[in-house]
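Scroll down for the structure; my scribbles are underneath it.
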Amino acid sequence: MTSSTTESIRELLLSRIRDVPDHPKPGVLFKDITPLLADPAAFAALTETLAELCVRHGATKIVGLEARGFILAAPVAIRAGLGFVPVRKAGKLPGATLRQAYDLEYGTAEIEIHAEDLSADDRIMVIDDILATGGTAEASLELIRRAGAEVAGVAVLMELGFLPGRARLEQGLRGAPLEVLITV
C-alpha cells in the first residue's frame, strides 16, 4: 500500500472484495472484485487512487491487462486525462502487433499490443486487478519497452503475497515502482 492510499480507502476496497471458496477449482480461494465494481463509491475511490498514482509517476498513457485490468484502467485513464492502451491475449487485436510469450505454471501464453499506440515519448503505467505469479505483468513490461516506450510503473489493486509475483517482476521493473493497494 502506498502512502497516498489512506487506511479508510484501503478498508473500503477490502470490504468490497468477496472471497469465493473452491473457485475455479477445489482448494482455491478466489478474490472476486465484482462487488467492488458494483459499489459506485468504492469504484470511484479505487479509480481516483490509481489515477493519482499515474499522475505522481509521470505516466503519459495507461496500459490495461486483459481482462479485468481493462475494467480498472479505462476509467483511470479518463480520470487522469491519459490515453488507454489494451494488452490483449494473442490473436485478439487487429492489424500489426507486437507479441510476447511468457511462461505459465504449466505451459506458455502470449500477449499482444499495438506498437503504434506507444511512442518513445511515452511513460506507461501498467494497471491490473491482481498480481499473482507476475507473468502477464512481466511480459507487458517487455512489450512496452519493445514498442519504444518507458515504464512508469505497475499499479495493482491486490497482490497475492503468498505467490511469487513481486519477485518475478523485480528485474523487469528496472527500478520503476510497483504500487499495490492491498496485499492478501
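FYI, the numbering just counts along the sequence from 1. Predicted model, so just to flag it, every value in this text is computed and none were measured.
Annotation: side chain of D129 is not in contact with side chain of V156 (no heavy-atom distance under 4.5 Å). The shortest side-chain heavy-atom distance between R166 and V180 falls under the 4.5 Å cut-off. You'll find the side chain of V63 stays beyond 4.5 Å of the side chain of L143, heavy atoms only. For the pair I17/I182, a side-chain contact is recorded, criterion being any heavy-atom separation below 4.5 Å from C-beta on. Put simply, the side chain of H114 reaches to within 4.5 Å of the side chain of P94, judged on heavy atoms. At least one side-chain heavy atom of E138 sits less than 4.5 Å from a side-chain heavy atom of L169.
Cluster partners of L29, using a side-chain heavy-atom cutoff of under 4.5 Å among ILVMFWY residues and allowing indirect links: none.
In this structure E110 satisfies the salt bridge (Lys or Arg N to Asp or Glu O under 4.0 Å) test together with R99, sequence neighbours excluded. Applying the side chain to side chain donor-acceptor pair (under 3.5 Å) test to T136 and every residue at least two apart in sequence or in another chain returns Y102.
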Test D121 against T60 for side chain to side chain contact (heavy atoms under 4.5 Å, CB included), laying out the working first.
-> CA-CA 8 Å; D121 296 332; T60 60; over 6 Å; no
Decide yes or no on side chain to side chain contact (heavy atoms under 4.5 Å, CB included) for V76 and T47, but give the supporting numbers first.
-> CA-CA 5 Å; V76 169; T47 300; 4.1 Å; yes
What do the steps show when you test L157 against L36 for side chain to side chain contact (heavy atoms under 4.5 Å, CB included), and what is the final call?
-> CA-CA 11 Å; L157 166 59; L36 186 157; 4.2 Å; yes
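A donor-acceptor pair is defined here as one N or O able to donate and one able to accept, closer than 3.5 Å; no such pair exists between the side chain of D103 and the backbone of T108. Looking at R168, its side chain never comes within 3.5 Å of a backbone N or O of A137 through a donor-acceptor pair. Proximity of a side-chain donor or acceptor of D122 to a complementary backbone N or O of S119 within less than 3.5 Å is detected. In terms of modelled atom types and a separation under 3.5 Å, the side chain of R123 and the main chain of G58 share a donor-acceptor contact.
For residues 25-66, the pairs satisfying ring pair (Phe, Tyr, Trp, His ring centres under 6.0 Å) are H23-F30, with sequence neighbours left out. Sorted by first and then second residue, the side-chain hydrogen bond (donor to acceptor under 3.5 Å, both in side chains) pairs involving residues 25-38 (not counting sequence neighbours) are R18-D32, D19-K31, D32-T34.
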Extract all donor-acceptor atom pairs below 3.5 Å that involve side chains of residues 83-93 and protein atoms in other chains or at least two apart in sequence.
residue : atom : partner : partner atom : Å
R88     : NE   : E66     : OE1          : 2.8

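Put simply, CG on L14 and CG on L181 are 11.0 Å apart, with the number rounded to the nearest 0.5 Å. Here the SG-CD1 distance, from C54 to I62, works out to 3.5 Å after rounding to the nearest 0.5 Å. With rounding to the nearest 0.5 Å, the separation of CD1 in I127 from CZ in F70 is 12.5 Å.
The 12-atom threshold is exceeded at CD of E116, counting heavy atoms of other residues, nucleotides or ligands nearer than 6.0 Å.
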